[in-house]
Amino acid sequence: MDFTTRHIGPDLKQQEIMLATLGFDNLEDFINNVIPKDLLSNTGTVGVEGLSEYQAAQKLFTIARKNKLYKNYIGLGYFETITPPVIKRNVFENPGWYTAYTPYQAEISQGRLEALLNFQQMVMDLTGFALANASLLDEATAAAEAMLMAYRLDSADGNKFFVAKNTYAQVLEVIKTRAEYAGIEVIIDDIAKCEANKYFGVYIQNPDVYGQIRDYSQVISNLKVASPNLIVVMGCDILSLVLFKSPNAQGADIAVGSTQRFGIPLGFGGPSAAYLATKDEYKRSIPGRIIGVSVDSRKNPALRMALQTREQHIRREKATSNICTSQVLLANMAGFYAVYHGPAGLKEIAGKIHHLALVLADNLIKLGFKLTHNGLIFDTVSITGPNIHEIYKKLKEAGYLTCIINNILSISLGEMTDISDISNIISTIGGREVDLGQVNTPRITTDLSKYADFFRQDKILTHPVFNSYHSETKMMRYLKSLENKDISLVHSMIALGSCTMKLNAASELEPISWPHLANIHPFAPYDSVNGYLEFIDSFKQQLKAITGFEDISLQPNSGAQGEYAGLLAIRRYQKSIGQGKRNICLIPKSAHGTNPATAHMMDMQVVIVNCDAGGNVDIDHLQKLAYEHRDDLSCLMITYPSTHGVFEAGIKQICKIVHDHGGQVYMDGANLNALVGLVKPAELGADVSHINLHKTFAIPHGGGGPGMGPIGVKEHLAKFLPEHVYFANCRTRTEMPLTDTLTHAVSASPYGSASILPISWMYTTMLGELGLRRSTTVAILNANYIANKLKHAYPILYTAANGTVAHECILDLRPIKAQTGISEVDIAKRLMDYGFHSPTMSFPVPGTLMIEPTESEAQDELDRFIDAMLKISAEIEAVKSGLVDKLNNVLKNAPHTLADVMAWDKPYSIEEACFPLDYLKKSKIFPSVNRIDDAHGDRNFICSCPDFSS
């Protein structure tokens, strides 16, 4: 059986039944009726037949083997680590974890919410701060977000931001990129030269790029005496904080960093979870999501995403950032790493690395080398000398990758390092075999007593969760207990509109665990990563063929980052042709919620374009606005098909209007699953578009990340794509220069979350030309089938003139609420009793549900969902007719739990509440908590771990 048949849910018989329901004989006639014919592409896509799962895996394996496996001692924020098998097997490779969605529906997300709360608690303990978010995309992004946060907190002190020299170059580059259109001037110098009263904030990397770690307490104190409102951001190695004084104790205001070395594979740069921690008083300004503790309707503790009114979908251009996803799966893994090892285990790991680094430093001194640092180190030894490049080559030949910056050789140790590696390194550098017994002595010459005050004195990770699961049996059961609290794709369809929760096939995910893909450093030499480069080029060619664009950047590691990179390319292009003053961004009301937030980050003025009664862009209004702003129009941001779920026939005219008035067209790729193989964004008139690989191209959502948001561009924008300081245009290098060149990087690593790109490559390679087209066609068929079946019970808010929808449809629940008091929230919670995650709620229109079934769901699963929605409609009718109480009914009390069953006090039966349809009597998922009190959670803001054992 070919992969297309495995991937697409409805078989041919089911497709025929659904087509007949809609009045069609075949898929081609159906598609020609749904999509305006002048929009359909006739240029094809990948141009080849799909490979079988085995064939595709073998092809990718052959390519991956061209990567050379070394022991990675490059460092620079990326370190060798060991993923505990109990976490790899039960989380990383478990669809119960990786197919879940962002936990907006908290009652059926308590497991991963607890995992994220563990992550937050871990970060809070190690940084010493009272507040941490639930992860960011990477360390460089976190540093840039911290800079913008500092600017919001202290903009009265000017627009200059000081970055201490010897900061990681990739972090500095993203800071500079973000600063450019935020109106921030970045100054880079020695921290000793910082005149605090000239800056609103300061960034310090600790340990720095050469490995020196120091206590900045006095430095920060002096800075704050000079400028009391100064915001100090410290970039910290998370593992170093196990041993050394926390950034909060040193006087910093914000701490950022990566948790990659807590069990997350290198993966050629990602994905891994970054963190941001700060003071409680800054909770309204912190970017990203925060998991908080509230109570449910029984007053039992329950978890939820706190302060959701800060979300960019709600605040739009007033949002604190455009973050739409983070790195939830990787944050969960990092948190579990801390849970499994506990404080004692982490101290053992950090202590071993630290000790081995000191042993290496001692022996290099004995060999006559000069260390570049005269203070304390954690895991990195840096040396200078006349033969540095020769030493680099010798170490590489011996199987060790190190790095050279400014003629300084750095050797960074990780969790995999043992005493034999230290012996090999010293032997290679010294040119003679070293006696292992001599190297293995615990004695070191460094006098650590003079740093006694810098070593951590306070206790860390004292919560029971970090001290209870150190045997594999207990850890396995803990992980399973959390997984069992959540609904994911292993249970049922998740029909979230604009989210594309399709199959994440095992054959697509299997390669990301291969050592030749997982164990590659992002800054490894070009000659060692030929496999990655070949496969990345192959994937770019696939995306170019699918979208029609001339070039692709794979650097953006989320959809929101793709938006940012796309607008950045537009602004840089316009500046290059003398039109840098163009700053008006037109955004239809039907656009994706992140669009206004991204435009605001690019210093654009957002002007909203109206939509007509059918949900389409009001072309007359667009024409009027484009003419009115013809001298300063930068771009239009438009989602296609729109989030209203329709194919707008006038899209080419819309793009032409913008072009005629000097603007560029940014097409949001959130709904690309309705276009692949049928319509190409570039042929519609788009100049740039981002591509959500975690939607259309099968990368799993992971409970809220990872994601990838590559961008495709027309030829005139190609030279304005993001570059990278360590991986730019050179083909070979041994030295990694720190540079003042602005690369306009948007992510920490050259290819974003590179290790998950094979998932999408496998998807396109196995589907091939015909499979891609058929997948899109069936996705649209499934959406129209659901809309047709539900339209008499729930009005479909927007359709084309012929009554069709695109790949999603919006149910208008506002009349129901007006007549009965039953809201979209009540229906969403009631769906949990039927074993379903709710469709997208109140987006893009308040009081609605947006349904996107994808091509992966078979007709019987669609019918199960339809039956649930129709049964709920009957329950609503009972409220409307007065047969049941308006406040005490199955909808208002939903979801129902085992706690309810054990103390039943409702005016309706247990069967009505918990088993309203027969299939539930065979397989039933009970939410672990009752309906959560959101207001209580925001009034009583708690984002640390409660003791669930009490």
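Counting from 1, the numbers follow the sequence of the chain as shown.
Between Ile691 and Ile552, some side-chain heavy-atom pair lies under the 4.5 Å cut-off. Ile851 has its side chain within reach of Leu790: a pair of non-hydrogen atoms, C-beta onward, lies under 4.5 Å apart. Counting heavy atoms from C-beta on, the side chains of Pro511 and Phe61 never come closer than 4.5 Å. Looking at Ile780 and Leu678, their side chains come closer than 4.5 Å, going by heavy atoms from C-beta outward. Residues Leu509 and Asn504 are in side-chain contact: their nearest non-hydrogen atoms beyond the backbone lie under 4.5 Å apart. Using a 4.5 Å heavy-atom cutoff, the side chains of Gln664 and Val658 are not in contact. By the 4.5 Å heavy-atom criterion applied to side chains, Leu862 and Lys789 are not counted as neighbours. In this structure, Leu568 and Phe720 have side chains that are not in contact, with every pair of non-hydrogen atoms separated by 4.5 Å or more.
A salt bridge does not link Lys502 with Glu852: every distance from a Lys NZ or Arg NE/NH1/NH2 to an Asp or Glu carboxylate oxygen is 4.0 Å or more.
Atoms CG and CD, from Asp2 and Glu49 in turn, are 9.5 Å apart once rounded to the nearest 0.5 Å. Taken from CG in Asn67 to CZ in Phe268, the straight-line distance is 7.5 Å, to the nearest 0.5 Å. For the atom pair CE of Met708 and CG of Leu757, the computed distance is 4.0 Å after rounding to the nearest 0.5 Å. To the nearest 0.5 Å, atoms CZ (Phe539) and CD1 (Ile759) are separated by 10.0 Å. Here the straight-line distance linking atom CG of Leu543 with atom CG of Leu554 works out to 6.5 Å at 0.5 Å rounding. In this structure, CG on Asp618 lies 9.5 Å from CD1 on Ile654, to the nearest 0.5 angstrom.
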(message) Between Tyr666 and Thr598, is the side-chain contact (heavy atoms from CB on, under 4.5 Å) condition met? List the steps.
(response) CA-CA 12 Å; Tyr666 177 92; Thr598 304; over 6 Å; no
(message) Working note: Leu567 + Glu563, criterion side-chain contact (heavy atoms from CB on, under 4.5 Å); need CA distance, chi angles, decisive distance, verdict.
(response) CA-CA 6 Å; Leu567 292 192; Glu563 287 182 21; 5.7 Å; no
(request) Evaluate side-chain contact (heavy atoms from CB on, under 4.5 Å) for Thr776 paired with Ile31, printing each intermediate quantity in order. (result) CA-CA 10 Å; Thr776 304; Ile31 282 298; over 6 Å; no
(message) Apply side-chain contact (heavy atoms from CB on, under 4.5 Å) to residues Gln327 and Leu137 and explain how you reach the verdict.
(response) CA-CA 6 Å; Gln327 301 286 21; Leu137 296 171; 4.2 Å; yes
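Counting all heavy atoms, side chain and backbone alike, Val606 lies closest to Ile587 at CG1-CD1, 3.9 Å. When every heavy atom of Tyr98 is checked against every heavy atom of Phe92, the shortest pair comes out as CD2-O, 3.6 Å. The two residues Ser749 and Gly752 have their closest heavy-atom pair at OG-O, 2.6 Å. Closest approach of Met766 and Ser507 over heavy atoms only: CE-OG, 3.4 Å. In terms of heavy atoms, Asp668 sits closest to His690 at OD1-CE1, 3.2 Å. When every heavy atom of Gln105 is checked against every heavy atom of Met841, the shortest pair comes out as NE2-CE, 4.1 Å.
Side chain of Gln55 to backbone of Ser52: a donor-acceptor contact under 3.5 angstrom is found. No donor-acceptor pair closer than 3.5 Å links the side chain of Lys695 to the backbone N or O of His701. One N or O on the side chain of Tyr640 and one on the backbone of Glu648 form a donor-acceptor pair closer than 3.5 Å. One N or O on the side chain of Lys680 and one on the backbone of Ala545 form a donor-acceptor pair closer than 3.5 Å. The main-chain N or O of Gly44 is never found under 3.5 Å from a side-chain atom of Arg773 such that the two would form a donor-acceptor pair. Using a distance-only test at 3.5 Å, with no hydrogens or angles considered, no donor-acceptor pair links the side chain of Thr99 to the main chain of Gly96. Side-chain atoms of Asp537 do not come within 3.5 Å of backbone N or O of Leu533 as any donor-acceptor pair. The backbone N or O of Gly9 lies less than 3.5 Å from no partner atom in the side chain of Glu857, so there is not a single donor-acceptor pair. No donor-acceptor distance shorter than 3.5 angstrom exists from the side chain of Ser553 to the backbone of Pro710, with no hydrogens or angles considered. With hydrogens and angles ignored, the 3.5 Å screen pairs a side-chain donor or acceptor of Thr696 with a backbone N or O of Asn673.
Side chain to side chain, Asn802 and Thr804 meet the donor-acceptor criterion of an N or O pair below 3.5 Å. Side-chain contact annotation: Glu855 with Asn782, donor-acceptor N/O pair under 3.5 Å absent. For Thr765 and Gln542, the side-chain atoms include at least one donor-acceptor pair closer than 3.5 Å. Side-chain atoms of Asp863 and Tyr785 include a donor-acceptor pair closer than 3.5 Å.
The number of heavy-atom neighbours closer than 6.0 Å to NZ of Lys59, taken from other residues, nucleotides and ligands shown, is 12 or below. Within a 6.0 Å sphere centred on CG of Leu770, heavy atoms belonging to other residues, nucleotides or ligands number 12 at most.
Side-chain rings of His7 and Tyr763 approach one another, their centers coming within less than 6.0 Å.
Of the options His837, Glu808, Met850, a side chain to side chain contact (heavy atoms under 4.5 Å, CB included) to Leu496 is made by His837 and by none of the others.
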